[in-house]
Novice: 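First the structure, which I've put down as structure tokens, then a few questions once you've had a look.
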Amino acid sequence: MPAPVVPMKAVATDQLPPDDDRWAFEVKWDGMRVVAEVRAATPGGDEGALRLWSASGSDATDRFPELAGLPGAVHEAGSVVLDGEVVALDPTSGRPEFGLLQPRIQATTPGAVQRAAARQSVQYIVFDVVSVDDQPLLDHPYRDRRSRLEELLEAGPNWRVGPSQRGDGELLLDAVRRQGLEGVVAKRIDSPYVAGSRSSAWRKIKVRLHQELVVGGWLPGEGGRVSTFGAVLVGYRDPPAHGAEPAGPLRYAGRVGTGFRQRDLITTLTELERRQRPNCPFDPPPPAPVARLARWVDPTLVAEVAHAEWTRDGVLRHPSFLGWRTDKDPSTIGRTP
DNA sequence: TTCCGACAGTGGGGTCGCAAT
DNA sequence: ATTGCGACCCCACTATCGGAA
């Protein structure tokens, strides 16, 4: 059975739209996009029905047993199609953390889902309704779909309608930044739901961190990049154990393979080859699968890298190359955030 | 003409599950 | 028992092309 709708997506941008009344602002939740097809429960005893879909159209119903009560929370409609994000909240910080959701997404057996669900429950943050009683609402403006959504879905222990505010995007972005959330999504309040499309009527503004890092090695490229390189291996200096020595051990911080333009690839390869050395400069060395393929270089090149956050394993998430910092002393590059 | 949206193709971290070792 | 690998999730970014503005 196919998914009832392919989710609409937002274009990425680094600037908020003008803060006028034509835009609504929502938190960008760091989780898994899920479309819910719900047949409402009735007082007469019909318990309703629920089917969940991933953004790529695969059936995810069995992965999130805590949403089984959703049909009982839909009122004034016999059936609805909802759009939202499933998130896993870190119990200590209260923030959504994608890593906590992963075991659930990856599980393929009922037993694995059960074990993952026992350790970590999920929340479904609903932000749109695209169909009611088999009548598509795609052509209705965002504003109308939202008010419809708020009428028909009652919050439950594991689901709720995500907040949306008219205007004041700057305020929301500040709050999101302070709380360590992923970003903000701006939506034109008069825009239709264009299924499957990445429309500029929806814009995501993600919080990106900047970090200077030292290059200690690189990996060969594939496909169109076999003749240059795939990624550079980056790291930072830990503070020295004692005293004021400038450079402690070089800690591995991940691979950076995107953000390079064609001409960067060629000039960078030259710089890497010039710094070639036989042994690994990282202490400890990167994980085996990386180290096995790596070519090592003297750690003297400093890159500026954008990323979303540091993972639990101390490496960069969603890293991208911004440029070279020839003005920086590589022995002073530490981890900033 | 310029710009936008869709695709393809490269790259990232992480987890699960199965096959090979 | 360990390791390697692909399949999925999330994604960033560059380059290209055709059609809309």
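Fair warning: this is a prediction, and the values are worked out from it, not measured in the lab. Just so it is clear: chains get the letters A, B, ... in the order the sequence lines come, proteins before strands, and each one is counted from 1.
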Novice: Given C:dC13, C:dC9, C:dC11, which nucleotide is nearest the side-chain atoms of A:H318?
Specialist: C:dC11
Novice: Has A:R104 got a side-chain atom pairing as donor or acceptor with A:Q120's backbone, closer than 3.5 angstrom?
Specialist: yes
Novice: Taking the side chain of A:S54 as heavy atoms from C-beta outward, which of C:dA15, C:dA12, C:dC9 is closest to it?
Specialist: C:dC9
Novice: When all nucleic acid strands are considered with a 4.0 Å heavy-atom cut-off, which category describes A:G230: base, sugar-phosphate, or nothing?
Specialist: sugar-phosphate
Novice: Can you tell me whether the side chain of A:T258 and the base of C:dA12 have a donor-acceptor pair closer than 3.5 Å?
Specialist: yes
Novice: Just call it for A:L101: base, sugar-phosphate, or nothing, with non-hydrogen atoms closer than 4.0 Å on any strand.
Specialist: nothing
Novice: Nearest of C:dA12, C:dC10, C:dA15 to any side-chain atom of A:R261?
Specialist: C:dA15
Novice: For C:dC10, take OP1 and OP2 only and decide whether either is under 4.0 Å from a side-chain N or O of A:K28.
Specialist: no
Novice: Using whole Å, what does the distance between atom P of nucleotide C:dA12 and atom CD of A:Q211 come to?
Specialist: 19 Å
Novice: Over all strands shown, is A:S58 touching base, sugar-phosphate only, or nothing at heavy-atom distances under 4.0 angstrom?
Specialist: sugar-phosphate
Novice: One thing to verify: whether A:D190 and A:R143 come together as a salt bridge, which I'm taking to mean a side-chain N less than 4.0 angstrom from a carboxylate O.
Specialist: no
Novice: Check this for me: A:E47, atom CD, are more than 12 non-hydrogen atoms of other residues, nucleotides or ligands nearer than 6.0 Å?
Specialist: no
Novice: Take a 6.0 Å sphere around CZ of A:R33 and say whether it holds more than 12 heavy atoms from other residues, nucleotides or ligands.
Specialist: yes
Novice: I want to confirm an ordering. Mapping A:P103 and A:R198 to their closest nucleotides on DNA chain B, which one lands closer to the 5' end?
Specialist: A:R198
Novice: Output the rounded distance in Å from CZ (A:F321) to C1' (C:dT14).
Specialist: 14 Å
Novice: Specify the residue among A:S197 and A:A112 whose closest nucleotide of DNA chain B lies further upstream toward the 5′ end.
Specialist: A:S197
Novice: Write down the distance between CD (A:E222) and P (B:dA8), rounded to a whole number of angstrom.
Specialist: 19 Å
Novice: It should be established whether A:T108 places a side-chain nitrogen or oxygen under 4.0 Å from OP1 or OP2 of nucleotide B:dC16.
Specialist: no
Novice: Could you work out which one of C:dA15, B:dG12, B:dG14 sits closest to the side chain of A:Q106?
Specialist: B:dG14
Novice: Once you round it to whole Å, what is the distance between P of C:dT3 and CZ of A:R292?
Specialist: 11 Å
